[in-house]
Colleague: 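Pasting a structure below so you can have a look.
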Amino acid sequence: TNTGNTPIADIVVTDDQGVTPVYQSGDTNGDDLLDQGETWIYEATGIAVVGQYANVGTVTGVDVVGAPVTDADPSHYLALALAILGDTVWNDANGNGVQDDGEKGIAGARVVLTLPDGTEVETTTDADGKYLFTDLVPGTYTAALDMSSITPPTDGELKLTTAGSFTQILAAGDIYLDADFGVVAVLPVTGIDTGSILGIALALLLAGALALLLTIRRRNDEGDTSA
């Protein structure tokens, strides 16, 4: 931008990081002079790198009497590698908390992620039961499964075979793929349970033993009448 009182010619813009800024717009009257009040825009593109970055943009020119004029503008950023968290919600048929061969993922399950600032974002699992949260800055995250998003069996209910939430501290570039949720369908109990059956069997056994004992004692009390 020309904030002076005379036009500036021979404008050259450079960057100390080896990229070449390219003129975009600003010479409103097309006279190749940076006139008073004009703003010329130059653009350069690079690939962001992890870590601390700094660059300096410099502009040079000459005024109407040929005197050189220049200005410079530093810029910088700190780029952190982003983290990832995931990854599976599955039908844990045998209820052991481990995704065994043949146990399929659950599609459409809703997983809620609490961010370091306390806000929440959510996603749903794909056809294979997979989910991912990407582009996460370093911090502490909690992933929780919304059980209401999974259709329960006609009879019975759904039960988690793993933790219902996972809290993980993620550093720059971390990939955490162990926030897995196992779910099993628990059917209602019908008929007499095993404990009741054992109790009845024990009672019958005791009753039979008592009857046998009374019979033997009765015979002993009556004496032996045989010849």
Side-chain angles (χ1 to χ4, degrees), residues 47-53 77-209:
I47 298 175
V49 296
V50 175
Q52 184 65 58
Y53 174 88
Y77 65 77
L78 175 62
L80 300 177
L82 301 177
I84 296 173
L85 183 146
D87 71 325
T88 306
V89 180
W90 86 96
N91 179 18
D92 190 6
N94 60 9
N96 67 352
V98 177
Q99 188 175 13
D100 301 306
D101 291 341
E103 292 183 334
K104 296 181 179 181
I106 299 174
R110 177 173 175 262
V111 182
V112 180
L113 185 69
T114 302
L115 307 182
D117 64 2
T119 59
E120 294 180 347
V121 295
E122 64 182 65
T123 190
T124 55
T125 55
D126 63 16
D128 297 318
K130 299 290 187 180
Y131 76 93
L132 281 179
F133 292 100
T134 60
D135 298 337
L136 304 177
V137 299
T140 300
Y141 294 83
T142 299
L145 175 63
D146 179 7
M147 292 288 285
S148 68
S149 65
I150 304 174
T151 303
T154 303
D155 295 318
E157 59 183 3
L158 295 173
K159 176 184 176 182
L160 278 163
T161 62
T162 60
S165 65
F166 294 87
T167 298
Q168 184 69 21
I169 300 174
L170 298 177
D174 279 355
I175 300 176
Y176 182 76
L177 300 179
D178 292 326
D180 300 326
F181 301 95
V183 179
V184 65
V186 180
L187 299 178
V189 176
T190 58
I192 302 175
D193 63 29
T194 303
S196 299
I197 293 174
L198 289 176
I200 293 172
L202 181 60
L204 291 174
L205 180 62
L206 291 175

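Numbers here simply count residues along the sequence, with the first being 1. Quantities reported herein were computed from a predicted structural model and do not represent experimental measurements.
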Colleague: Could you tell me the separation between the CG atom of L177 and the OG1 atom of T88, rounded to the nearest 0.5 Å?
Modeller: 8.0 Å
Colleague: For residues V183 and I106, determine if any side-chain heavy atom of one lies less than 4.5 Å from a side-chain heavy atom of the other.
Modeller: yes
Colleague: When you compare the side chain of V121 with that of L115, does any pair of heavy atoms fall below 4.5 Å?
Modeller: yes
Colleague: Step by step, would you call I84 with L136 a side chain to side chain contact (heavy atoms under 4.5 Å, CB included)?
Modeller: CA-CA 6 Å; I84 296 173; L136 304 177; 5.9 Å; no
Colleague: What's the verdict on side chain to side chain contact (heavy atoms under 4.5 Å, CB included) for L82 and T134, showing C-alpha distance, side-chain angles and the deciding distance?
Modeller: CA-CA 7 Å; L82 301 177; T134 60; over 6 Å; no
Colleague: Kindly compute the distance separating CG (L170) from CZ (F133), expressed to the nearest 0.5 Å.
Modeller: 12.0 Å
Colleague: Going by the angle between their ring planes, with limits at 30° and 60°, are F166 and F181 parallel, tilted or perpendicular?
Modeller: perpendicular
Colleague: Look up atom NZ in K159 and atom CG in D92, then write down how far apart they are to the nearest 0.5 Å.
Modeller: 10.5 Å
Colleague: Nearest 0.5 angstrom please: E103 CD to W90 CH2, how far?
Modeller: 7.5 Å
Colleague: For the residue pair T142 and T114, confirm or rule out a side-chain donor-acceptor distance under 3.5 Å.
Modeller: no
Colleague: What is the minimum heavy-atom distance between Y131 and T124, and which atoms define it?
Modeller: CB-O, 4.4 Å
Colleague: What closest approach, in Å, do D174 and A171 show between heavy atoms, and which atom pair accounts for it?
Modeller: OD2-N, 2.7 Å
Colleague: Could you grab the distance from atom OG1 of T161 to atom CG of N94, nearest 0.5 Å is fine?
Modeller: 8.5 Å
Colleague: Do D180 and Q99 come close enough that some side-chain heavy atom pair is under 4.5 Å?
Modeller: no
Colleague: A side-chain contact here means heavy atoms from C-beta on lying under 4.5 Å apart; do L80 and P138 qualify?
Modeller: yes
Colleague: Of all the heavy-atom pairs spanning A93 and V184, show the shortest one and how long it is.
Modeller: O-CG2, 4.0 Å
Colleague: Give me the atom names and distance for the closest heavy-atom approach of A143 to L85.
Modeller: CB-CD2, 3.8 Å
Colleague: Report yes if some heavy atom in the side chain of T140 is under 4.5 Å from a heavy atom in the side chain of P116; otherwise report no.
Modeller: no
Colleague: Once rounded to the nearest 0.5 Å, what's the spacing between atom OG1 of T162 and atom CG of D178?
Modeller: 11.5 Å
Colleague: I want to check something: taking the side chain as every heavy atom from C-beta on, are N91 and K104 in contact at a cut-off of under 4.5 Å?
Modeller: no
Colleague: Are I169 and Y176 side-chain neighbours, meaning at least one heavy-atom pair lies under 4.5 Å?
Modeller: no
Colleague: Can a donor-acceptor pair be found, under 3.5 Å and without considering hydrogens, that links the side chain of D87 to the backbone of K130?
Modeller: no
Colleague: Using side chain to side chain contact (heavy atoms under 4.5 Å, CB included), reason through T151 and L158 one step at a time and then give a plain yes or no.
Modeller: CA-CA 9 Å; T151 303; L158 295 173; over 6 Å; no
Colleague: Is it the case that the side chain of S149 and the backbone of R110 share a donor-acceptor pair, with hydrogens and angles ignored and the cut-off at 3.5 Å?
Modeller: yes
Colleague: Restricting to non-hydrogen atoms, name the atom on A107 and the atom on A127 that form the minimum distance, rounded to 0.1 Å.
Modeller: CB-CA, 3.8 Å
Colleague: Give the minimum heavy-atom separation between A109 and L145, together with the two atoms involved.
Modeller: CB-CD1, 4.1 Å
Colleague: So do V89 and V111 actually touch side chain to side chain, heavy atoms under 4.5 Å?
Modeller: yes
